[in-house]
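Because the structure is a prediction, the values reported are computed rather than measured.
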Amino acid sequence: MQDKHFDINEEGYSIRCLAYFNKDLRQAKKVVIATYGFGGNKENHAISTFADRLIGKYKSFAVVTFDWPCHGQDARKKLLLSECLEYLDLVIKYVKDEMGAEEIDNYSSSFGAFITLDYLARKGNPFHRIGLRCPAIKMYEALTQNLTEDDWSKLHKGKEILQGFERKMKISNEFLEEMQTDDVTKQDYLDYADSILMIHGTKDEMVPIEVTRQFSEDNVIELIEVEGADHPFSNPKHMDLAIQKIISFFKPE
């Protein structure tokens with residue numbers, strides 16, 4: 001497997017991307033856009049492992065991932081949901097128009113899965129298959145459950161707080177209100193149900209599996225429950241199973 005870093009410079013944005021492919025990126029007929037959770041970056045071990053196994057099995061595939069706004073090497077300082085959706089839109093257009101992909105799939109986890117679902121609700125479905133691992137369907141609750149009284153005080157005064165892991169990013173009340181307003185549980189995904197597969201761990205401490213169960217039931221989406229798996233699927237056996245199921249779901253027809 002080979003990899004290549006590149007930028008998408010469109011509409012005043014510079015999106016830092018990373019592609020995994022077999023021999024020639026331009027020859028990839030099927031491209032998976034892979035996204036990760038809040039505070040992560042495109043140099044994501046779970047995504048690189050997924051790409052290695054997918055491309056090892058199906059040579060016609062490539063995987064493209066990128067830094068969300070304020071994540072990784074991205075230059076932006078203030079996180080906005082609207083810009084996350086714009087990044088995903090521009091990457092989809094690049095994969096389609098510049099790479100000439102005949103088919104685009106989506107493999108996303110946590111925050112990335114929420115953005116994907118929000119994108120579907122707003123703009124329709126450009127993907128052939130969608131695999132969502134530990135989707136943060138209630139992203140607002142996931143982001144705010146550990147905020148302190150001091151954090152809330154600053155937000156209510158119009159100030160920003162710092163959140164994240166390796167890289168801290170500015171979070172405003174505006175961003176949280178965007179997340180609260182775009183409640184994907186209030187949207188209808190029945191038209192896309194057959195093209196979506198969800199995988200969730202029964203021991204997820206950040207995003208309760210009960211939420212995903214209800215969402216899947218409401219929208220008649222297949223849900224695979226992984227017994228004992230936590231939010232990041234930190235047990236390699238659990239991650240292996242998740243990757244295996246997604247690759248099988250993406251199998252060329």
Side-chain angles (χ1 to χ4, degrees), residues 4-21 25-26 28-42 44 47 51 61-133 135-137 139-140 143 169 171-172 174-184 186-189 191-192 195-196 250:
K4 177 184 177 181
H5 287 81
F6 64 96
D7 296 345
I8 298 173
N9 298 303
E10 294 285 345
E11 300 183 21
Y13 300 113
S14 183
I15 306 173
R16 310 298 174 87
C17 303
L18 173 59
Y20 298 101
F21 53 98
L25 185 56
R26 298 286 176 176
K29 301 301 182 184
K30 305 174 189 295
V31 177
V32 179
I33 294 177
T35 74
Y36 47 85
F38 183 82
N41 61 69
K42 65 183 181 299
N44 181 288
I47 290 176
F61 271 95
V63 175
V64 172
T65 184
F66 59 95
D67 285 329
W68 289 120
C70 303
H71 288 65
Q73 296 177 320
D74 185 75
R76 308 192 83 72
K77 303 298 183 185
K78 183 179 178 181
L79 189 60
L80 294 171
L81 175 58
S82 55
E83 291 188 343
C84 292
L85 292 163
E86 185 67 16
Y87 272 37
L88 180 56
D89 195 44
L90 290 171
V91 173
I92 291 168
K93 289 177 180 176
Y94 182 91
V95 167
K96 187 183 300 180
D97 299 339
E98 299 299 323
M99 293 177 60
E102 297 175 3
E103 189 175 285
I104 305 174
D105 295 323
N106 180 296
Y107 170 45
S108 294
S109 62
S110 197
F111 176 66
F114 169 84
I115 299 295
T116 297
L117 289 169
D118 197 24
Y119 186 94
L120 298 183
R122 286 170 174 254
K123 300 196 174 189
N125 184 16
F127 304 113
H128 179 250
R129 290 280 188 270
I130 301 168
L132 304 179
R133 180 173 57 82
I137 292 166
M139 191 65 212
Y140 173 80
L143 283 174
M169 63 195 84
I171 300 294
S172 65
E174 176 187 0
F175 173 71
L176 293 179
E177 286 177 352
E178 283 184 314
M179 302 300 293
Q180 191 172 30
T181 299
D182 284 29
D183 184 350
V184 298
K186 296 179 180 178
Q187 303 298 326
D188 184 343
Y189 295 89
D191 288 345
Y192 313 137
S195 63
I196 301 175
F250 289 171

Which heavy atom of Asn106 sits nearest a heavy atom of Phe250, and at what distance?
O-CZ, 3.4 Å
Which residues satisfy the side-chain contact (heavy atoms from CB on, under 4.5 Å) test with Glu177, sequence neighbours excluded?
Asn173
Would you check, one step at a time, whether the test side chain to side chain contact (heavy atoms under 4.5 Å, CB included) holds for Asp182 with Glu178?
CA-CA 6 Å; Asp182 284 29; Glu178 283 184 314; 5.7 Å; no
Before giving the answer on side chain to side chain contact (heavy atoms under 4.5 Å, CB included), spell out for Leu90 and Ile15 the whole-Å C-alpha distance, their side-chain angles and the decisive distance to 0.1 Å.
CA-CA 9 Å; Leu90 290 171; Ile15 306 173; 3.8 Å; yes
Do you know the tightest heavy-atom contact between Lys42 and Arg16?
CD-O, 3.4 Å
Where Asn41 and Gly72 come nearest, the two heavy atoms and their spacing:
CB-CA, 3.7 Å
Hey, are the side chains of Pro126 and Tyr119 touching, using non-hydrogen atoms and a 4.5 Å cut-off?
yes
Supply the atom-to-atom distance Arg129 CZ to Ile196 CD1, rounded to the nearest 0.5 angstrom.
11.0 Å
Full working for side chain to side chain contact (heavy atoms under 4.5 Å, CB included) between Asp7 and Phe66
CA-CA 9 Å; Asp7 296 345; Phe66 59 95; over 6 Å; no
Pair Tyr36, Ile47 - check side chain to side chain contact (heavy atoms under 4.5 Å, CB included), show working.
CA-CA 8 Å; Tyr36 47 85; Ile47 290 176; 4.1 Å; yes
Taking the six-membered ring for Trp and the single ring otherwise, decide whether the centroids of Phe6 and Tyr94 are under 6.0 Å apart.
yes
Go through the structure and list residues passing side chain to side chain donor-acceptor pair (under 3.5 Å) with Asn44, not counting sequence neighbours.
none
Quick one: CG on Leu117 to CD1 on Ile130, what's the gap to the nearest 0.5 Å?
7.5 Å
With rounding to the nearest 0.5 Å, note down the distance linking CG in Leu85 to CG in Asp118.
5.0 Å
Not counting sequence neighbours, which residues clear side-chain contact (heavy atoms from CB on, under 4.5 Å) with Glu174? List them please.
Lys78, Leu80, Ser172
For the NZ atom on Lys123, are there more than 12 heavy atoms of other groups (residues, nucleotides or ligands in this structure) within a distance under 6.0 Å?
yes
Of all the heavy-atom pairs spanning Ser108 and Ala113, show the shortest one and how long it is.
CB-N, 3.6 Å
Is the CD atom of Glu10 crowded by more than 12 outside heavy atoms at less than 6.0 Å?
no
In Å, rounded to the nearest 0.5 Å, how long is the span from OG1 of Thr35 to CG of Leu132?
8.5 Å
Residues that Ser110 engages under side-chain contact (heavy atoms from CB on, under 4.5 Å), provided they are two or more places apart:
Cys134, Ala136, His231
Indicate yes or no: at least one non-hydrogen side-chain atom of Arg133 is less than 4.5 angstrom from one of Tyr107.
yes
Going by the rule side chain to side chain donor-acceptor pair (under 3.5 Å), which residues pair with Tyr87 if we only count those two or more places apart in sequence or in a different chain?
Asp74
Just wondering, do Ile33 and Leu88 contact through their side chains at under 4.5 Å, heavy atoms?
yes
Lys93: side-chain contact (heavy atoms from CB on, under 4.5 Å) partners, not counting sequence neighbours
Asp89, Asp97
Do you know which two heavy atoms are closest between Arg76 and Gly12, and how far apart they sit?
NH1-O, 4.2 Å
What is the ring orientation for Phe111 with Trp68, classed by angle as parallel under 30°, tilted 30 to 60°, or perpendicular over 60°?
perpendicular
In Asp105, Leu120, Val32, the residue satisfying side chain to side chain contact (heavy atoms under 4.5 Å, CB included) with Phe127 is Leu120
Is His71 reaching over with its side chain to a backbone N or O of Gly39, donor-acceptor style, under 3.5 angstrom?
yes
Ala34 versus Thr65, closest heavy-atom pair with distance:
O-OG1, 2.9 Å
How long is the span from the CZ atom in Phe114 to the CG atom in Leu81, to the nearest 0.5 Å?
5.5 Å
Ser195 OG to Tyr189 OH distance, which is reported to the nearest 0.5 Å:
12.0 Å
Is the closest side-chain heavy-atom distance between Val64 and Met99 below 4.5 Å?
yes
